[in-house]
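I have placed the structure first, in the form of structure tokens, so that the comments after it can refer back to it.
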Amino acid sequence: MSQQHTFASLFNDFVESEVFVIDGDSLLLFCASDESLQKGQSLHFFFLVERFLLKLTDKGARYVVVFFQDMEETYSQCPVLKSWRTQLKIHLPKNTNTTVYTFPNFFSAEWKFFLKDQSPYFLMVSGKGMTSEQTCFLNMLMLDSLANKIDVVLTAGQESDHLRVYGYYIRSSLQTRILITEVQICITLLPTHQKDARAITCVVACSMALRIYSQIKPIQDINMSLTLKEASDLCKMQCFCVALMIILPLSQRARIRKLNVKWDSDASSFINMMQDDSEDKTIDWTYVSDIRDDLLLKNIVFYFEKESTESKLEFGNEINELYKCLWETVLQLVPLSEHLQSDELRNIWESFLSQDLSIPVETKDIFAVGLIPIRSDIIEDYAGDMIKELPALSSTETYDELLHWHVNRPLSDDYDRTKCEEKPKDKFALRRYQKLQTLNHLYGQSLGVKTPKKIVLQSDQPEEKSSAHKTVVKKKEPQKKKKDQIIEANLKKSKAEEEKKEQDQWKYMSSKLEKEINGDFFFGLKNLENFISSVQTPHVKYQAQLRALAAGFEKWTKECKMKSTDQRNINIVVEIMKIIHALLNTYQGTLQKEDQHRIATYLSKLGFDNLACSLRPTKLSNHKEEEKEKRYAVGVRSARFQLQYMGPHMLRDERSDPDPRVQHFIPDTWQRELLDAVDNNESAVIVAPTSSGKTYASYYCMQKVLTQSNEAVIVYVAPTKALVNQVAATVMSQFNKDLPNGVALCGVFTRDYRNDALNSQVLVTVPQCFEILLLSPRRQEWVKRIKYVIFDEIHCLGGEIGGETWEHILSVIRCPFLALSATISNPEHLTEWLQSVQKYWQRNDEREGSLISKSLQKGAKKKSAWTERRSYNVRIVQYDKRYNDLEKYICSVQGSDINFEHYHPCAFLTIEHIKSYGIPKDLTFSPRESIQMYDCMVNAWPKMPNLKALDPEENVHLKDKIIITKNDATEYEKALKKEFADWVQKGQDKETFLQICERTNYSRNKKNKNLINLSRKGIGYHHASIDAKGRRHVEMLFRMGYVRVVTCTSSLALGINMPCKSVVFLHDSPFLDALNYRQMAGRAGRRGEDLVGNVYFFNIPMPKVKKLLKSDVPQLRGQFPLSVTLILRLMLLVAKANDKQDAKAKVLSLLMHPLMSFKQPQEAQVLKLYCIFSLQFLLYEGLLNQDCDPIAFTGLVTHLHYHEPSNFVFVRFLEKGLFHQLCKPSSKASTKFPDSVMETLVLILAHLFGRRYLPPNLLPGEGEYSQSKVFLDKLPDDFASVIEEYNRKVATLFGQCILAGSKLADTEKEQQLPLSKIKFSGKECMDSGLVNHLMSCYEGRSGITPFACLSGNADINLMSMSNLSSLMMQTAHIPEKHIPFLHCGDTDISGGKRYLNAYALDFYKHGCLEAIENDNGFNFGEAYYALRDFYLTIAAISVSLTELCESDPVAMAFEQLKSMYHEKLKIV
């Protein structure tokens, strides 16, 4: 397979959306190859299968499993796998509700139709089988899928965290059957309570095997060398084994002895023959996953061969009865001679086990690790209850520090190391700085900011009150001054003159506009509208609108006289109704009576008599006049007409009362609620559609903080650097304030650069950089100045990268905040969690206030005035209405034309979807789609009970309304959706449902006029590989109108202000998910400019379109919030901060309030345990002392916190002196190092900080590469040995952590399968001496899942730190990726080798970016950023080492490497 592989999140943010396909044979082979699984352990195998599927299900995945009949032939040499395959096909649909399909092969017509109909997201398949035939089949399946434009995801190499699963994408550019009659006989012979799959399979398999042996002479076939007596004994022991499996609970079976033995070849052949592949539907298949337990059968045989001569142990009554029942049933199916019919399990003369290996494996004790005592108030407050339950050491070892490195010297933090763009002194640099500021202001103007608002500093709060009091007194105004009287008179005079001027202007313009209307109606009407909007005199506006109304109706009468009904331009009537709406809405109280009658006449002639009656109650009857008026009727009734044609023009229920806090527009009610929250210093979570105006509250909040003082700071946190640049430019253009020297209005801090970050009042930054400031001990005085924090796109809290950083910030900040998003489906849960954090801060502040209240000085009171007035309430503000409707279209090319097919939102719904999830909350209809939906419902079900109530002419929200507002249409839409959902819930027949969905589409054709020449000027592009300056220019030109079409990736999805009329999705992609769709589609329809927004789907499969539209937005769930380095950073904050109490409160807030453990006490206990053992690890590594004070290389480790656990290993290399042994100059007099040293350094750093795995199906020597080596060489032996030593310590310590965590597990849930929830718990058998003998391993089986114990695994297996996900408990486990174990020479769960990508070293050698993309498998544009990140790591190490000891050879070597790598990177 030579296709390019991408390692990425498999489902991104899809929730109930994309269906993908799992190849059933790949699933079987992947789980069967797990190293922890012993051959023949059926229940353990099915546990691994369900755990794999549950990992996908818990992340919101939807999938189906497919099997191909041709693949079955490849299992001819693997009877166990063949049996498991049959069991799997039964178990999945019957016990887990997983849909399973079987196809003849992947060339069949059924498979091709399935792909076309379902359009799966991708196919998950294994790249390697257990035989060459299987590998060939799977590779052909992958190639066929890619040829059918279905992406492929490999089962191997997958990783997961708390929220997502990651894997490798490959993008597209004659069965032997059991006689049914015999199975049916078996079912009738067994007792009713024993008709489960295990008993029936055992009886049928044994009877068939014995039948074969009784009919064919064994000597004629070398594979049947057992005698009939020996075969009979093996069948008896199989029946006895199944009896134990049925009766004993999993907790007892998990204590089975581990035997390192193999079957004799003759016995193995016979046992493989006892495999039943029946699929009878009358059998209870609940326990089909537990058909075979090979280790238990070996233990039984071993006992009767080796141990039964010493003592005869009791079977137990229940076990003995069930065994006899099974054996007697076998005898009824296969009559044997009398001497073979005995049910006695006697001693066997011939051995069924290999003689040389039949020895039990000795159990090894695990080295118990005691905890080093810790003296820390924080840890005592957080996890003191748990520490008391863990073992402790009485004495501790001391750690030697390398004093040579001056490790006590403080290092600069990440803020200091970020490229600074402060105002320079050099005149050329100053000129560049001025140009940058000019560009920022121009960029801000393109965002709609014309003139900046002057910020005036207000007085302190007490002075404000006295000022207000004085204002109240001044209300006793005596007599106006002469100056004021003159000004007032002048204003009245100028107003009168202006009105007269506008009246004269109307007299002059009226005739001209009338001619334009008669010539070109719509052009003239547009000019008339422009005139009306330009004048201020109400009377002039009124006269102009009346004239436009008359001209419009005159045009309509001419249209009716000249054209037939079907050829008339209905848009003329739309313009007439728009004018009528404007007149009645604006002049409702002042409209003259004759004008009302005139409007009523127009309405009556249009056929809207019911509307005319509301304006003119009585009407003279004149039959001739009525007949004449009918000629002008539009042919539909009033409500239907308005819904069908007036939707984009419907009046919105906007408030007319201005808000003094807002000058440029009148805010809606929900926007005023936001402003109130800011005024009250409250926190708020705001969920509102894209482009709805929620960001305005952010700038009001900034204005409020800026007016308080020159010291107050507000922080704006944006998820991307592009959004940071946009917000910063807006702030600089929107506000103007006179500030003291050294203080800036707005600053920026990203990983790439910083500008006025800590000396500005408004800081715009990304979450990772803000976290650096919040956790830096040196920045705490600045942090105390923060008065508000604004989080834009807060849904990134659930993102696959950096989501935990948002959590940390929200837990640590001590000020109010605003959290903005357009796409959160569970804002109540998020708000409740945030409120719990705020309650913590309220209790903490009250406690601190009570302690210092007596000693508080007056100056301190004044300084803390803002804090004292702070509210701890978290308000939730939700607004779900878009100002503009979004209409969707499906585009397709037909010859030289493009076909645009309108796609009704209801067309994608299914009965199953509505029953399971209801109608999506954000699914909305435009008014015309509502009337279309009603018509379809009436046609499908004419006898609908609520037919009259939903008739638009009779509906309570629409009946006889001259002005149907958008709110009225929305209420009607809700009634339609409620009725539609009730139909489905009440079981309305499927055909009616399908009729409705099929009838909700109509199409229209247009010539391809707009996209003829894509190279024409005015077309731009926007994606992540363009530099910031290029992206900024595209954004500015688009907003200014010079660029009209922009092609882009998801780089515009998050918050970038680029509203447009239409959004086109041109190509399908795995990254086009529900979240990105909503974010991008929300850009369509500019408020104030577009009446409706259009969304087009081009070249995207219809199933994908349906899934995008019906999928819900993702729920926010917390990530695993802790890491070892984070805990070290927290301890550093407490130790080095000046205000210890403040630092302690912040650390406790972060530890005590993870979103993951909110209302999940068990998760909270696991996090406490992880924190305790992380501290122990830091103690053992010599990075903390027993007082939790940082020592040694703490600063260097925390600077490299992005690269855990490589940061710890790098320090190990330093402490061991390995870099000193390596970094030797060319000569004693030289400070330059040879190329060999530099290459070795890059190799070592690539193993630590450039860890990107190659896809599992890429092996050395199989491909041809132009310049790159691709596969990273091994580490030097001395470095590898240090890693092995480090890993042993980590494995010992965190193995104990996992063992301790197992005590928190739910015992009942641990004994059920993960997905199907089938229970294997029960009362243990206490009356069987044999069971007590076989299940005697009470020690060393408590820390891993009991299902893994069935294969002989024990707690000692945890110490290898390999394949932990298959061994750890289900209900209390620590994610493997958060254990600081550095996998060197890594393997997957099947033992297959995983190779690291040598991209960093390859680039250092040849310096060719194109080779990195082509040979090393990087996507276009991705390679540069990966190499840049690697360089930034080298630079961070170089700076740290130089600060520790500038003249050291290692520091000089890294400085040389930094310069060389930077030069290579600059060239590309």
Side-chain angles (χ1 to χ4, degrees), residues 24-25 27-53 75 78-96 130 178 196-206 209 234-235 237-254 256 258-259 263 268 270-279 283-301 326 1311-1316 1318-1321 1334-1335 1345-1353 1366:
D25 291 289
L27 176 65
L28 184 152
L29 295 170
F30 177 74
C31 295
S33 62
D34 193 299
E35 284 189 312
S36 67
L37 177 67
Q38 190 177 89
K39 184 179 179 181
Q41 294 306 121
S42 176
L43 186 55
H44 186 197
F45 164 75
F46 277 87
F47 168 77
L48 294 173
V49 170
E50 289 204 12
R51 191 167 219 177
F52 180 88
L53 295 178
Y75 293 94
C78 310
V80 174
L81 295 183
K82 186 176 181 181
S83 177
W84 282 350
R85 187 178 192 268
T86 304
Q87 292 171 245
L88 194 61
K89 292 170 67 176
I90 298 170
H91 173 72
L92 290 179
K94 291 185 178 294
N95 298 325
T96 69
M130 291 189 174
I178 303 299
D196 76 358
R198 293 172 290 188
I200 294 175
T201 303
C202 169
V203 170
V204 172
C206 290
L234 265 178
C235 287
M237 283 185 284
Q238 175 65 19
C239 291
F240 186 75
C241 179
V242 171
L244 292 178
M245 292 163 60
I246 293 174
I247 293 174
L248 300 183
L250 180 60
S251 58
Q252 199 165 11
R253 290 172 60 186
I256 189 69
K258 182 177 180 181
L259 298 178
W263 291 111
S268 178
F270 181 78
I271 289 172
N272 288 334
M273 191 182 298
M274 290 193 297
Q275 301 294 330
D276 178 26
D277 295 333
S278 62
E279 300 183 31
I283 300 174
D284 179 7
W285 293 107
T286 303
Y287 295 97
V288 68
S289 57
D290 191 25
I291 285 179
R292 179 168 174 173
D293 191 334
D294 203 53
L295 183 58
L296 177 58
L297 182 59
K298 285 180 179 178
N299 267 276
I300 294 171
V301 174
L326 295 174
Q1311 297 187 60
Q1312 63 185 29
L1313 287 173
L1315 189 61
S1316 61
I1318 297 174
K1319 296 182 179 180
F1320 289 88
S1321 56
L1334 298 181
M1335 284 72 174
T1345 172
F1347 291 95
C1349 293
L1350 296 178
S1351 288
N1353 295 289
S1366 299

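Residue numbers count from 1 along this sequence.
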Would you say N1353 and S1351 are linked by a side-chain donor-acceptor pair, where the criterion is simply a distance under 3.5 Å? no
Between F46 and F1347, is the ring centre distance below 6.0 Å? no
Do [X] and [Y] come close enough that some side-chain heavy atom pair is under 4.5 Å?
X     : Y     : value
S36   : H44   : yes
R292  : S83   : no
L43   : Y287  : no
S251  : P1346 : no
L1315 : L92   : no
L297  : L234  : no
R51   : T1345 : yes
C31   : L37   : no

Taking all heavy atoms of [X] and all of [Y], pick out the closest pair and write down the distance.
X     : Y    : value
Q87   : S42  : NE2-OG, 3.4 Å
E50   : T96  : OE2-CG2, 3.9 Å
S1366 : F47  : O-CE2, 4.0 Å
I300  : L244 : CD1-CD1, 3.8 Å
Y75   : K82  : CB-CB, 3.9 Å
V242  : R198 : CG1-O, 3.8 Å

Just how far is it from atom [atom1] of [X] to atom [atom2] of [Y], taken to the nearest 0.5 Å?
X    : Y     : atom1 : atom2 : result
L296 : L248  : CG    : CG    : 7.5 Å
K39  : C78   : NZ    : SG    : 7.5 Å
M245 : L1350 : CE    : CG    : 9.0 Å
L81  : T86   : CG    : OG1   : 11.0 Å
D34  : Q41   : CG    : CD    : 13.0 Å
R85  : L27   : CZ    : CG    : 11.5 Å

For D290, is there an ion pair with R253 - N to carboxylate O distance below 4.0 angstrom? yes
Does the side-chain contact (heavy atoms from CB on, under 4.5 Å) test come out yes or no for Q238 and C202, once each step is laid out? CA-CA 7 Å; Q238 175 65 19; C202 169; 4.2 Å; yes
How are the rings of W84 and F45 set relative to one another: parallel (under 30°), tilted (30 to 60°) or perpendicular (over 60°)? parallel
Show your reasoning for whether side-chain contact (heavy atoms from CB on, under 4.5 Å) applies to I256 and D293. CA-CA 11 Å; I256 189 69; D293 191 334; over 6 Å; no
For the backbone of T286 and the side chain of N95, can you confirm whether one donor and one acceptor N or O come within less than 3.5 Å of each other? yes
